[in-house]
Amino acid sequence: MSQRRVSRHRPQFESLEDRVLFSRALGIDISDYQGTITAANWTSIKNSGRVFAITKASEGNNTTQSTYTNNMSRGKAAGVIMGMYHFADPYIAGHTGSTEAAHFLAIAGGDMDNGNLHPVLDVENTGGSTTSEGISLGDWVDEWCEYVYSHTGVKPMIYANSNYAQNFLTSSNASKWPLWIANYGSSDGAWNSTNVQTATLPTGGSGTGHWSTWQFWQYNSVSSIPGITGNVDADVANGDLSFVEGLEISGAQLTVTEAGNYIASGLSSATSFGTNTYHTTGTTLTFTVKNVGATTLNLASLTVPTGYVITNGLVASIAPGSSDTFKVQMDTNSTTITTKSGNITFTTNDPDAATFKIPITGTLTRTTPATPTNLQITSSTSSSVSLSWTDNATTESSYLVMRKIGAGSFSQIASLGANSNSYTDSTALPGTNYTYEVLANDGIGSSSPSNTVSLTTLATIPTNVAASDGTSDTAVHVTWTASTGASSYAIYRNSTNDSTTATQIGTASGTSYDDTTTPDDAVNYYWVQAVNSASQQSGFSNSDSGFIDVAPTVLSSSFNDDVLPQKVVVQFSKDVVGIVAGDLSVQDEDNLSNPAFAPDSVSYDADSHIATFNFDTQLPDANYRATITAGNVQDALAKTLPSDMTLDFSFLAGDGNHNGSVDIQDFNLLAANFGKTGQSFSQGNYDYSADGSVGLTDFNILASHFGHSLPPPPATGQSLTNQASSGTSAITSTAVTSTKTSSATTDDQLLTDSGLL
């Protein structure tokens, strides 16, 4: 492409007859140097046997060829296979491979289409092997080609002469692109269209340099072609017309971009996923695959290197002009902490990129998970312990709950998911000492342990609590079923069935307790709590009521004749049931041969426990013994008196002060109550006649007994039959009879008869 040079040689004319025999296809390359080439000129060029032409589109960062557009359209219209090239200025400051490639695509990018030849970078501007950017010419060329390829999906070719190919383009990055070699032999014009048909262009050395083959050969720069005024560069393909057609842009074409940057297949510089931390969300990159061709783009077999995962795959096919995205994420769950590199690959029907390769790299690092803090016990029972802690880690995959029993060593009891902050140990045993700690784990290792917490689990709640119901008169006997984990028991009591206000009354090491402090016959409720080795008490057991049943006793007994009817009054120590009149028997101890008799009736006051045995008629004068047999009186639980009750009493009519004799004291007392009505008096009973008032009748009765006395009560079991004097008996019998039958006797007469007046 020596359009800058003015040839001093005559044009090499070639006859049509010779051309038709050629097997290598012939072509030309042109620029503004050739001037305007009309449509008719292009027809002449085609008819001359030139089947392909490569026209200059741009140069450097900003130069555009004015003839480019017409050359492309008119040449294609004439049936010539057209291509385009860019003239490189790598030795001008600020001219990078990418900036010049961008300028080229701005001009010729629309012609990267089916039927046109692959684009070419013309590298011939003298300047040596190092560019203005301080990189090798080979790397600069590779940068330009990669940019074009990544933006169009079309692989460029490199145009260079043998000197450049051998001495300046030394980087393997340049030689991976196809070669268009310029070689004129020993002098310009040494080669022509005839001898290049059979000539062998040397490879390597002074021929193709670092390339092993070539696609096109510019064999001279002074050819004369019909339709073009002046000299023109002449080229030959390394094959016939079908070979040239094989160098056309054809089939489906694709471009791949990531974040707006084009990526070429097999790029030497890898797309970076950056540095990722283990067990965090890995970097995800989105790649866009676009079909820039005219036919359907078929895609398959998307693969990623180890250390990466596909989070969104590719579709099977993409229509012309359409695109699809796929996403790749760095696998931060990998336990291999290292830099991970390789290629993303997918197959395609694009003949220029059958297997597309995207080099990628990324580094996986690991931060030890942060230590959990604030571990605490939130609740516990006899068989469970609930824990909570602060989740400080961001890279954990699990939390490990550790436990030790007593003074033992820690062992793992649970593995929880990431972000956990609580756990309930349901394998705990009652009354057992446990210590807990928690670690954050990321699958590779664990954090330092959290703080530790310890406790002794509660013993199980006692069951089957039972309290005795009056089976003892000294204690309520409380029993229960043993609790697991209990070292002792606490016993509670309350007068109501309410454990919240119950009072602890004692402890026990076994499964029974005797409550000796409960009041007699008071019903109380009992509960039991199990106490573990840490002196912690379980919940309350079931409740049961119990009481002491003390045998009833006689607190007091008396004979009362102050009011009628006469009565024996007995006060018991507790409530007794079923009292009847026959429970009390009365024996006349002065006449033991007489049968015992019972009171006429009985009344009972449950509140005061007082039984009143009533005699409807006044008792005869005598010494009496009242007896309640122990078995006749019982409480609600059939507990009887511990022994018989006896009451010795005497009755003597007129003996108002009950001193056993009728004397002046009784006379004075009667006189003090003389004329009173009713049956209740300040001292003694003086209404002997039971007529409701103290009068002469009663005075007469007293007078008739004046000086009478009862013999002392006999010792137990002694006969009293003969102890009473005959005089006393006569007085008793006659006086009682006369006073109760002679109602017409005057008061004076009674006093006279009595000898008191």
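Residue numbers start at 1 and run along the sequence shown. This is a predicted model, so every value here is computed, not measured. Computation of the quantities below employed the complete heavy-atom set of this structure, encompassing side-chain atoms and omitting hydrogens, waters and symmetry-equivalent molecules.
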Exactly one of T332, D442, T277 clears side-chain hydrogen bond (donor to acceptor under 3.5 Å, both in side chains) with R366, and that residue is D442

Got a second to check how far [X]'s [atom1] is from [Y]'s [atom2], nearest 0.5 Å?
{"X": "D498", "Y": "T500", "atom1": "CG", "atom2": "OG1", "value": "3.0 Å"}
{"X": "N542", "Y": "W527", "atom1": "CG", "atom2": "CH2", "value": "10.5 Å"}
{"X": "S545", "Y": "N494", "atom1": "OG", "atom2": "CG", "value": "12.5 Å"}
{"X": "S556", "Y": "I610", "atom1": "OG", "atom2": "CD1", "value": "6.5 Å"}
{"X": "H658", "Y": "N560", "atom1": "NE2", "atom2": "CG", "value": "7.5 Å"}
{"X": "D616", "Y": "K567", "atom1": "CG", "atom2": "NZ", "value": "11.0 Å"}

Taking side chain as C-beta onward, heavy atoms only, is [X] less than 4.5 Å from [Y]?
{"X": "V568", "Y": "L584", "value": "yes"}
{"X": "T367", "Y": "H279", "value": "no"}
{"X": "I491", "Y": "W480", "value": "yes"}
{"X": "N524", "Y": "P519", "value": "yes"}
{"X": "S386", "Y": "S380", "value": "no"}
{"X": "N532", "Y": "T432", "value": "no"}

Identify the heavy atoms of F572 and A611 that sit nearest to each other, and give their distance.
CE1-CB, 3.9 Å

side-chain contact (heavy atoms from CB on, under 4.5 Å) with V576: which of N632, D583, V633?
V633

Does one side chain, of [X] or [Y], offer a donor that lies under 3.5 Å from an acceptor on the other?
{"X": "N657", "Y": "Q665", "answer": "yes"}
{"X": "T629", "Y": "D644", "answer": "no"}
{"X": "N700", "Y": "T697", "answer": "no"}
{"X": "S709", "Y": "S661", "answer": "no"}
{"X": "S426", "Y": "T424", "answer": "no"}
{"X": "T390", "Y": "N392", "answer": "no"}
{"X": "Y399", "Y": "D391", "answer": "yes"}
{"X": "T435", "Y": "S454", "answer": "yes"}

Ring-ring centroid check Y423 Y436, cutoff 6.0 Å:
no

Run the numbers on D600 and N614 for side chain to side chain contact (heavy atoms under 4.5 Å, CB included), then give the verdict.
CA-CA 6 Å; D600 295 297; N614 301 302; 5.7 Å; no

Salt bridge R625-D588, side-chain N to carboxylate O under 4.0 Å
no

Under 4.0 Å between a side-chain nitrogen and a carboxylate oxygen: does that hold for D520 and K574?
no

Pairs involving residues 662-671, ordered by first then second residue, that meet salt bridge (charged side-chain N to carboxylate O under 4.0 Å, His left out) (sequence neighbours left out):
none

Contacts under 3.5 angstrom, residues 409-417 side chains, donor-acceptor by atom type, not counting sequence neighbours:
none

Could you name each residue pair satisfying ring-ring contact (aromatic ring centres under 6.0 Å, His included) that touches residues 610-641, not counting sequence neighbours?
Y624-F649

